[in-house]
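These notes are about the structure you will find just below.
All values below were derived from every heavy atom in this structure, side-chain atoms included, with hydrogens, water molecules and symmetry-related copies excluded. No experiment lies behind these values; they were computed from the predicted model shown.
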Amino acid sequence: MNAAASATDRALIEGDIEQYLRTHENKSLLRFITCGSVDDGKSTLIGHLLYKAKALLDDQLSTLAADSRRIGTQGDELDFALLVDGLSAEREQGITIDVAYRFFSTDKRKFIVADTPGHEQYTRNMVTGASTADLAIILIDARKGMLTQTRRHSYLTSLVGIRHVVLAVNKLDLVGYSQQKFAEIEREYRAFIARLGGSIRQVTCIPLSALRGDNIVASSANTPWYRGPSLLDFLESVQIASDSTSAPLRMPVQWVNRPNLDFRGFSGRLLGGSVKPGDTVRVLPSGKISSVERIVDFDGDKAEAVNGESVTLVLADEIDISRGDVICAAQEPAGVADQFETTVVWFDETPMLPGRAYLVKLGASTLGGKLSKPKYAVDVNTLDHVAAATLDLNEVGVCTLTLDRAVPFDAYADNRDMGSFIVIDRLTNRTLAAGTLHFALRRSQNIHWQALEVDKAARARLNGHRPCVLWFTGLSGSGKSTIANLVERKLHTFGVRTYLLDGDNVRHGLNKDLGFTAADRVENIRRIGEVAKLMVDAGLVVLTAFISPFQSERKLARDMLPDGEFVEIFVDAPLAIVERRDPKGLYKKARRGELKNFTGIDSPYEAPASPELHIDAEKLDADVAAERIIAYLHAHDLLTHA
Amino acid sequence: MHSLTSLQRLEAESIDILREAVAESERPVMLYSIGKDSQVMLHLARKAFFPSRPPFPLLHVDTTWKFRDMYAMRERAARESGMDLIVHKNPEAEALGINPFTHGSAKHTDMWKTQGLKQALDLHRFDLAFGGARRDEEKSRAKERVFSFRSAQHQWDPKNQRPELWRLYNTRKNPGESIRVFPLSNWTELDIWQYIHRESIPIVPLYLAAERPVVERDGVLIMVDDERFPLRLGEIPKHKSVRFRTLGCYPLSGAIESDANTLPAIIREMLLATTTERQGRLIDHDSSASMEKKKAEGYF
């Protein structure tokens, strides 16, 4: 569809076609999306833009005229929406159901338009269209003003990093071309964008009637009060912040080019920066350094390649490079990490399952990964952060992404292509979600080490779980140590860092100066509490298995730690039972008077009033008890870092 | 430091798509129809993998009714690229002698092209096929993905397409399923011509005007390319200066009268034209939404 029929173009085409071709070839390209609610008139706007830009040819116009009479909604007039609503399913429903791409050019620019649907269940299509756009046109029906969808579209626009927004206040003919109405909407929208923050730097509001053609290609006599550009004027002249050629070099290796044993090239597209033979490069994730020997091209070697070009590089050194590695500027390499804070937009009807093994594609790497329970979800209508256990279709949330191995990356805000990913279902192969990387969480693996306060939270992030004390209490022989040992073994297999404090490793060292008097028992527990507190600060899950008979000392230990980090586990077995078991023969000794101050015999045991967990050791098997404790930890998010 | 022109951008994007598809598939193939879009796609493939040969064969789904000039170009393309050329002719259509004159264009296209293509893909177990379709050609193409997923029955479900974001293409599929990949998705007809001009890509001479024997039927000029053309009683081919905007089976391709015999001249003619290129292609007129229907059935 290329009728370049503007008068100046036509003259040039007829006069000097070669000159025209050179001009056309040097035109810049603007990619934009249009979004609006179902009835805002998006398709009509695009249809009208194509019509007015003279991008429609005779056969298309005659088809349109025939279709307009047959199924149009505009009486005898052309129904421009029919031009764009391509699929027959859509014609029946009278709505747009997918992203459609349109192409047109004017004297000044070439355009690719992504027409994206407005109704809620198709948010994924809007994000899709926006992901490659430089600018967004957001439509508002002047009669209705800002709607929920307007906020959602603006939020998603900013989420994918678009800087320029045109607010097209449409159907102005239906409000009598009211300046006041337009001004109200503009004011409300600008206030909203100011609150939104994010990527949007420039908002241009234009009063329109897509149906009547007001302010689409020329200023309309119906809006004498509007002094700004027409929509097409604006699209032709808007300056899009120059691409990232000045950014540092990034080239993910897509394909290793080995036609024979003497040639080894690395093919890929520059996603940032530029490269010349002789440049020093660093290959990630290995971090190996080499220099560029040649930029190989079909038409002979090149002296330079810039952002956006697809090239094949030959390096000076033989280093092992495979698909997914990234060739970077040596002085400004990308980060390398396997855990990130991310924003995720969920696309699928099956909700996100935190912890499930998904496939993640990022650059030229596809690898295993999992998402955490959302730190929060974003209500795209109010922009409030809300608590969420998962993400449903079209929901947006902030989650931790953990990959099976470390990969090179940049933050999305710095480089869209190096900081974006999709989530794929291993079984159905559906694209479930898309996401953007904010920053790496395991900074120890980031090449740019940033000064960071190493505190309990940082250690928890590194460990991948929160620290706490599992304080087992109960009579001698109740099974505390047996259960604690089982729990520790299970936690260890989950990759949780643990330490078990018990009589064996405390009584014989730290506390060997203490006996069994009431005072010594108090001091014993105090010291254990202090050691446990240090270990919790170090990020460990600490298990203590001591009788710890007194309520007040247990409270002392509990009070040393923040809420939620002290888990008291009462291993409850009646004296009669433990005395019968008597695995170490201690009860017999105590009964014989050979052991003084033995708990339960001649020293009291104060049972906990409200322990976090109460284990009935008389009935429960030790393994079942251990599973109950693990389940408790999961339920209270102690085994995740968030 | 310079930034890329729109044509350089398109070239880079297409090469990126070609490489990504090859890196992530087991048995790729390039559908080669000998037209101008195929010539551009083949040229891009040679650039993408240079100095290697493109690591896949060319597949021509032949109907036996192409122009003789097209068959000559097909052999030349295979020779110059050094790539393997697979020619598939639907044996059933061959046995039945399916042709556009006796069986009509719809049946002819279905048997030779749609069924023929499915047979060839199944026969060689190709899991990924490049096609030269552009989004600007036709309304239902405008919504097609670059990586377009097909069921084991080669069916396209427009309501169940995978979202494509940034330049991250989901190429995963189960055994038996396949992907059609369209590296020229974002090119327009003008971009194609301009690129052919800039890169001196060889094209079938039928795109350029020359004296050719034609008959006029239902207002369309059809070239009498070989002796199989059944002339009606009293019908005598006339020599006219004609050229073709799109090429397919010669009995189904309408010629336009033209004197444009150089690339710039045909670009000029195209720019000043008032109809789309598909108008010369007879199969699109069979029914409204015919392309979408054919695609759902497995046509490229």
Side-chain angles (χ1 to χ4, degrees), chain A residues 1-4 10 13 17-18 21 24-29 57-60 86-89 97-103 110 112 124-125 127-128 131-132 242-243 245 254-255 257 259 263 267 269 274 296 298 306 308-310 312 323 347 359 361 416-417 420-422 424 429-431 434, chain B residues 1-9 11-13 15-16 19-20 22-24 46-53 135-136 139-140 142-143 158-159 161-168 170 172-174 185-186 188-190 194 197-198 264-265 267-268 270-276 279 288-289 292:
Chain A
M1 201 194 302
N2 276 301
R10 191 166 271 274
I13 292 161
I17 180 71
E18 294 276 359
L21 291 177
H24 187 82
E25 191 185 314
N26 291 323
K27 279 177 190 169
S28 61
L29 177 70
L57 300 173
D58 285 358
D59 57 334
Q60 290 172 316
L87 298 181
S88 50
I97 58 169
D98 207 314
V99 190
Y101 296 92
R102 305 280 149 197
F103 302 81
K110 291 176 62 174
I112 299 180
R124 69 172 201 185
N125 294 328
V127 173
T128 302
S131 72
T132 50
S242 64
D243 48 35
T245 297
Q254 271 184 297
W255 194 71
N257 196 333
F263 186 92
S267 299
R269 192 171 185 192
S274 62
V296 177
F298 192 68
V306 299
E309 275 188 272
S310 286
T312 297
R323 176 171 158 83
F347 290 157
L359 285 172
K361 186 165 184 183
R416 267 171 147 185
D417 290 308
S420 50
F421 64 93
I422 55 172
I424 302 168
N429 295 325
R430 295 167 66 86
T431 301
Chain B
M1 199 82 65
H2 60 284
S3 65
L4 305 182
T5 65
S6 61
L7 213 51
Q8 288 171 321
R9 248 171 226 283
E11 179 189 70
E13 180 187 66
I15 289 174
D16 184 54
R19 287 170 174 170
E20 192 67 11
V22 163
E24 298 219 327
R46 294 178 68 188
K47 283 195 163 192
F49 301 100
F50 180 84
S52 294
R53 255 201 309 267
R135 283 173 176 158
D136 85 322
K139 269 190 280 190
S140 80
K143 313 201 168 192
K159 289 201 177 159
Q161 300 196 79
R162 294 172 177 173
E164 265 172 10
L165 295 100
W166 300 289
R167 35 181 301 283
L168 292 171
N170 174 0
R172 309 280 303 181
K173 58 199 171 304
N174 288 319
S185 285
N186 287 328
T188 64
E189 191 185 5
L190 176 58
Q194 203 148 22
H197 184 47
R198 196 188 80 173
I267 295 173
R268 173 191 293 155
M270 182 204 67
L271 289 170
L272 300 174
T274 54
T275 57
T276 60
Q279 216 198 17
S288 121
E292 190 183 339

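Going from atom CD1 of B:I15 over to atom CZ of A:F298 covers 10.0 Å, rounded to the nearest 0.5 Å. A distance of 4.0 Å separates CZ of B:R19 from OG1 of A:T312, quoted to the nearest 0.5 Å.
Looking at B:D16, its side chain never comes within 3.5 Å of a backbone N or O of A:S310 through a donor-acceptor pair. A:D417 places no side-chain N or O within donor-acceptor distance of the main-chain N or O of B:W166, the cut-off being under 3.5 Å. Under a 3.5 Å cut-off, the side chain of B:Q194 and the backbone N or O of A:L21 do form a donor-acceptor pair.
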Pair A:K361, B:N170 - check side-chain contact (heavy atoms from CB on, under 4.5 Å), show working. CA-CA 8 Å; A:K361 186 165 184 183; B:N170 174 0; over 6 Å; no

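Side-chain contact check for B:E20 versus A:R269: every heavy-atom pair is 4.5 Å or farther apart.
Both the backbone and the side chain of A:R430 come within contact range of chain B, each with at least one heavy atom under 4.5 Å from a heavy atom of that chain. At a 4.5 Å heavy-atom cutoff, the contact between B:R46 and chain A is made by backbone and side-chain atoms alike. Proximity to chain B (any heavy atom under 4.5 Å) is shown, for A:I17, by both the backbone and the side chain. With a 4.5 angstrom heavy-atom cutoff, A:K110 touches chain B only via side-chain atoms. When heavy atoms are compared at a cutoff of 4.5 Å, B:E13 approaches chain A by way of both its backbone and its side chain. Only the side chain of A:F263 comes within contact range of chain B, judged by heavy atoms closer than 4.5 Å. In this structure, chain B has heavy atoms under 4.5 Å from both the backbone and the side chain of A:Q254. With a 4.5 angstrom heavy-atom cutoff, A:I424 touches chain B only via side-chain atoms.
Among all heavy-atom pairs drawn from A:S131 and B:E164, the shortest one is OG-O, 4.2 Å. What you find for A:V127 and B:L165 is that their closest heavy atoms are CG1-CD2, 3.5 Å. Of all heavy-atom pairs between B:F50 and A:N257, the closest is O-ND2, 3.0 Å. A:F103 and B:D136 make their closest contact through CD1-CB, 3.8 Å (heavy atoms, listed as atom of the first residue, atom of the second, distance). Here the shortest heavy-atom pairing between B:P51 and A:V296 reads CD-CG1, 4.2 Å.
The choice from B:A265, B:A48, B:S6, B:S185 that makes the most heavy-atom pairs within less than 4.5 Å of chain A is B:S6.
Around CZ of B:R167, the count of heavy atoms belonging to other residues, nucleotides or ligands within 6.0 Å exceeds 12.
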